[in-house]
Amino acid sequence: MIRAESARGDSRALLARGARELGLQLTSDELEMLEAFQEELLNWNQRINLTAITSPEEVAIKHLLDSLTVLRALPPALADERASGSLADVGSGGGLPGIPLAIVRPCLRVSLIEATRKKCSFLEHVAHRLSLTGVTVLHGRAEELAHRPDLRERYDVVVARAVGALAVLAELCLPLVRPGGYFIAMKTPRAAAEIAAARRAVELMGGGCEQMIPVRLPILDQERLLVVIEKQRLTPALYPRRPGVPARSPL
Ligand code: SAM
């Protein structure tokens, strides 16, 4: 349960405590930046639809700390605080999980891929306000951006949260991953059927066997599941198919 320390204005204590549960010791700068991000998210949410969650405490746990669970699944070369490397967040929306990850891993080059122009304006604003120099906002559909030679098969890690079923995500995300890199889908343990249904799409996109990493959402102690897929072979040039086709007609 959320305790008294989670009263409005005190989400910093909640973030620090939750991060410790994840094995992270956040610096005061990082905590300040996460709080500033939360504040911007809630302010802009009054004008554009970024999140259905509107209490600061819930945002801290269900968005910020949830985003940081991805650190558990990063390959060793990227997990270190000073590690450089590239990560794309497909369907970033209000910057989740990409912005919290960029805050705690400032040496990573983070691309936030988002189809909605207004949400991209928010992401650009936040990256500027927090001086996140490693963050690039890419406006467009993943189906199209994944065919750009400067983006295709260029990322060490591609991550997605709440964008679609795994079979659809595999087609949107795996073409962006370099061979030897990883696609991480943020799911819950309820995703078993979805994972089974995605095997063909994963195989077609050049992905290997999936690894499941169970994580617990701090404070609330809810179960989450990180599905990690290694890119083993190049994706055939045909994929992803045209915008909307992966979701309408999953492989
Ligand atoms: N990842 C964020 C989160 O967890 O809060 C946002 C989730 S929101 C439900 C899904 C987002 O994905 C929306 O902002 C939508 O515009 C974006 N999106 C959906 N399909 C996309 C695509 N094919 N390419 C790029 N963005 C996409």
Side-chain angles (χ1 to χ4, degrees), residues 1-3 5-15 17-19 21-22 31 33-70 88-104 110 112-127 129-130 135 137-142 158-166 168-169 172-173 184-191 193-194 215-227 244 246-247:
M1 291 302 295
I2 305 176
R3 296 203 314 230
E5 70 185 2
S6 64
R8 188 175 173 83
D10 201 13
S11 49
R12 182 180 295 216
L14 202 59
L15 280 170
R17 176 179 149 212
E21 283 184 32
L22 289 174
L31 287 166
M33 289 168 86
L34 288 167
E35 268 193 319
F37 170 50
Q38 173 179 287
E39 191 184 296
E40 293 288 350
L41 186 71
L42 290 175
N43 278 344
W44 279 62
N45 201 43
Q46 292 168 15
R47 281 177 282 141
I48 60 173
N49 183 21
L50 295 169
T51 169
I53 297 173
T54 53
S55 95
E57 306 80 48
E58 276 197 285
V59 170
I61 301 169
K62 294 185 177 172
H63 284 333
L64 307 189
L65 292 169
D66 188 44
S67 295
L68 296 181
T69 63
V70 171
D89 175 12
V90 168
S92 188
L96 301 159
I99 295 277
L101 291 174
I103 289 172
V104 302
V110 175
L112 306 176
I113 293 179
E114 173 50 51
T116 305
R117 179 66 253 178
K118 280 184 192 167
K119 294 183 182 180
C120 288
S121 300
F122 167 73
L123 296 172
E124 280 158 2
H125 166 78
V126 166
R129 172 166 173 207
L130 300 181
V135 168
V137 179
L138 297 169
H139 173 223
R141 306 268 316 196
V158 175
V159 63
R161 187 184 92 144
V163 181
L166 193 63
V168 179
L169 289 179
L172 299 182
C173 298
I184 303 171
M186 299 176 71
K187 295 285 175 186
T188 71
R190 289 192 300 278
E194 196 185 303
V215 286
R216 299 199 83 85
L217 189 60
I219 322 278
L220 297 178
D221 202 32
Q222 293 171 354
E223 290 181 315
R224 298 284 186 270
L225 187 68
L226 301 172
V227 182

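Quick note: residue numbers are just sequence positions, from 1.
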Indicate the atoms forming the closest heavy-atom contact of Arg161 with Asp66, along with that distance.
->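 Nearest pair, atom of Arg161 first, then Asp66: NH1-OD2, 2.7 Å.
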
Note: Glu124-Arg117 ion pair, threshold 4.0 Å (strictly below) =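 Yes, charged N to carboxylate O under 4.0 Å.
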
Would you say the side-chain atoms of His139 pair up with the backbone N or O of Ala115, donor to acceptor, closer than 3.5 Å?
->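 Confirmed, His139 side chain pairs with Ala115 backbone.
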
Within the side chain of Glu194, is there an N or O that forms a donor-acceptor pair under 3.5 Å with the backbone of Leu166?
->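 Between the backbone of Leu166 and the side chain of Glu194 there is a qualifying donor-acceptor contact (under 3.5 Å).
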
Side chains of [X] and [Y], heavy atoms from C-beta outward: is any pair under 4.5 Å?
X	Y	value
Leu68	Leu64	no
Thr54	Asn45	yes
Val137	Glu114	no
Leu101	Val110	no
Leu226	Met186	yes
Ser11	Glu35	yes

Let me see the working for Leu14 and Ile61 under side-chain contact (heavy atoms from CB on, under 4.5 Å), right down to the final yes or no.
-> CA-CA 8 Å; Leu14 202 59; Ile61 301 169; 4.0 Å; yes

Who pairs with His125 by side-chain hydrogen bond (donor to acceptor under 3.5 Å, both in side chains), at least two apart in sequence or on another chain?
->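 With neighbours one apart ignored, the set is Glu40.
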
Listed partners of Lys119 passing salt bridge (charged side-chain N to carboxylate O under 4.0 Å, His left out), at least two apart |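 For Lys119, no residue satisfies salt bridge (charged side-chain N to carboxylate O under 4.0 Å, His left out) once neighbours in sequence are set aside.
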
Determine, stepwise, if the pair Arg224 / Thr69 fulfils side-chain contact (heavy atoms from CB on, under 4.5 Å).
-> CA-CA 9 Å; Arg224 298 284 186 270; Thr69 63; 5.6 Å; no

Distance in Å, Ile184 CD1 paired with Leu169 CG, rounded so as to fall on 0.5 Å steps =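 These two atoms lie 13.0 Å from each other.
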
Atom CH2 of Trp44 and atom CG of Leu50: how far apart are they, to the nearest 0.5 Å?
->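 If we round to the nearest 0.5 Å, Trp44:CH2 and Leu50:CG are 8.5 Å apart.
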
Can you list the steps and then say if Leu220 with Lys62 is a side-chain contact (heavy atoms from CB on, under 4.5 Å)?
-> CA-CA 9 Å; Leu220 297 178; Lys62 294 185 177 172; 3.6 Å; yes

Take Thr116 and Phe122 through the test side-chain contact (heavy atoms from CB on, under 4.5 Å) and record every step on the way to the result.
-> CA-CA 10 Å; Thr116 305; Phe122 167 73; over 6 Å; no

